[in-house]
Amino acid sequence: MRRLLLAFCLLLPLSGLADERTISSPEGTLSLTVSLREGKLFYAVECNRLQLVEPSRLGYRTSQEDFSEQLSLVDWQQSRIDRLHTFSRIKTASSHYVANVLKATLKNRHGRLFTVEFRLDDRNLAFRYLLPKDGEEASVRIMEEMTSFRLPAITTTFLTPQSDPMVGWKRSKPSYEEEYEADAPMDQPSQFGHGYTFPALFRVGDRGWVLISETDVDSRYCASRLTDYSPSEGYRIAFPMAEENNGNGTSEPAMALPGATPWRTLTLGATLHPIVETTIPWDLVEERYTPSIPYRLGRSTWSWIIWQDPSMNFEDQCRYIDLAQAMGYEYILIDAGWDRQIGYERMPELFAYARERGVEPWLWYSSSGYWNDITQSPVNRMDNPIRRKKEMQWLREQGVRGIKVDFWGGDKQETMRLYEAVLSDANDYGLMVIFHGCTLPRGWERMYPNFVGSEAVLASENLVFGQAHCDREAFKATLHPFIRNTVASMEFGGTILNKRLNRTNDGGSIRRTGDVFQLATAVLFQNPIQNFALTPNNLEDAPDFCIDFMREVPTTWDEVRLLDGYPGRYVLLARRHGNRWWVAGVNATSEPLTLTVALPEGFRHGQLYLDNEQLAPSRRTIKLQKNTLPITIAPNGGVVLVER
Ligand code: CA
């Protein structure tokens, strides 16, 4: 009996704390279980009592200590967060973020402390590590994270691989421009053997969906990614590859203490609605500085997308300024090569031409620098603070409203510092910033008030570069609203009304999708500044109602609702701007798709834009007795419904 009692006592944790804690989300949709087993920390998540995330490892190793094994619990703390957030540049104008908070504080075998903070709302789990200042140590390198994501064996994946480093155009990869595969098995190796970039979407059979990403990434950490899958560990957090940024800077991040890692986020649901409608990337972050001026969001023309490099000349830019004026657009984006093909000396004349027509200029820059072989110019203007501020001073004097900074050097903390420095300096000079050839922005729409979008996707330029991209345009368009574009603005540069993707609309790639498909992408793809791919000839050769639509379509939204869809097959969603709903859908399947559209309440009058079976576009006025409408979308076709 005494021996039995002794054995029982030994099984109790020495601290007397239970080694497992379960919390539910406010409405009970999700539940999180955090447990310590044999000195290792795990978390698991259920949605509607079905397991979506199996016990998955937490912990990390620093340059000084191991916080992944031989851990013991010190404290559990629970609290609640209830906040109203407003947004100006994402999918919605507000969110009511209510989350239950669990903080698990642990110590390692040397008695050193750390905390894992979990926030669980009804559609997201977020967690991060809090590193205290504990003794003399005031800084630390994180050498490795054990942070992992183990999904049930029935799971299929919607992932895009991490590229090899220092390959591709002028050795400018990785730049989040690889292909997605839909409904792939977990155990197939990634294309390049380097795992996958965020965000990562998973379908857990009929139980539901999980979208994994991260947010609150700035100069204090690197951007992370997922490793390849392993049956024992699932997917783990990986740091950037050593070769990124031309080998400069470390893969491992470092921070001053006390510090915190970025938030890792899992959006979970029985359906895809939480995936499309989540605001978690922005609910967890704070504005880093105040805007120096009120930034005006809007639309732009840009010649480069169809007319390419030779169009960076004075006359062609004037034609695109004329186009912006004819469309009522706020901006002209003057892309790579302006410094050589027009010249710094003549730019004031071009700016004056724009100003007289009520159009304000944006200019393109390369970020590099020493991290690739890019010769598209200007180069070496944004990488160094002394040169950069001098350039930005000139831009402000010239009335330039924004810069597009291209060709970045990967995901190391070194590069994150440069993103933040460019944004912060640009704000000092009243400039908005979009990034191209770049990383996924992680909460930046809220963190940096002059950040207005990133590419980080195989964007419209690829349709011009190759027919294969045109052939798969619809497939990709049905992925982005569920994956890439749901966690961040996506500067796609689309809505092409040319039939052929060259200057004279008679050669180059052939567009496979309908005109209404193209209009629909202006609603489906969300970015607060839209550089549309319209060309001057579209004023004559595109249907008038398409041009009128493009004059009117907003770039900012107050609300989003997924109406229907499946990534890779079709999507139908509704966005509200003010008191009007814009419903847009596209079909990537090979068959006509008949849907009964359940319109937002009160939608009775509007205009219906539809591609027919031959992909001929039409527009008609509709009046509804009820809020459902049967429609058929042609393969490669689109639909848009605009409330009037
Ligand atoms: Ca690109």
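For the numbers below, each heavy atom of this structure counts, side chains included, while hydrogens, waters and symmetry mates do not. Each ligand, and each atom within it, is numbered from 1 in the order the structure gives.
- Protein N/O/S atoms closer to the Ca ion (ligand 1) than 3.0 Å number 4 in this structure.
- A cation-pi arrangement is present between R296 and Y331, with the terminal nitrogen or guanidinium carbon under 6.0 Å from the aromatic centre and inside a 45° cone about the axis.
- Within 6.0 Å of CZ on R319 lie no more than 12 heavy atoms contributed by other residues, nucleotides or ligands.
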Go through the steps for E287 and R446 under the test salt bridge (Lys or Arg N to Asp or Glu O under 4.0 Å), then give the verdict.
-> CA-CA 6 Å; E287 192 173 79; R446 186 146 190 243; over 6 Å; no
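- Within the cation-pi definition used here (under 6.0 Å to the ring centroid, within 45° of the axis), R575 does not qualify as a partner of W582.
- Of the options W362, W364, Y344, a ring-ring contact (aromatic ring centres under 6.0 Å, His included) to W338 is made by Y344 and by none of the others.
- Ring to ring, F549 and Y609 are close: their centroids are under 6.0 angstrom apart.
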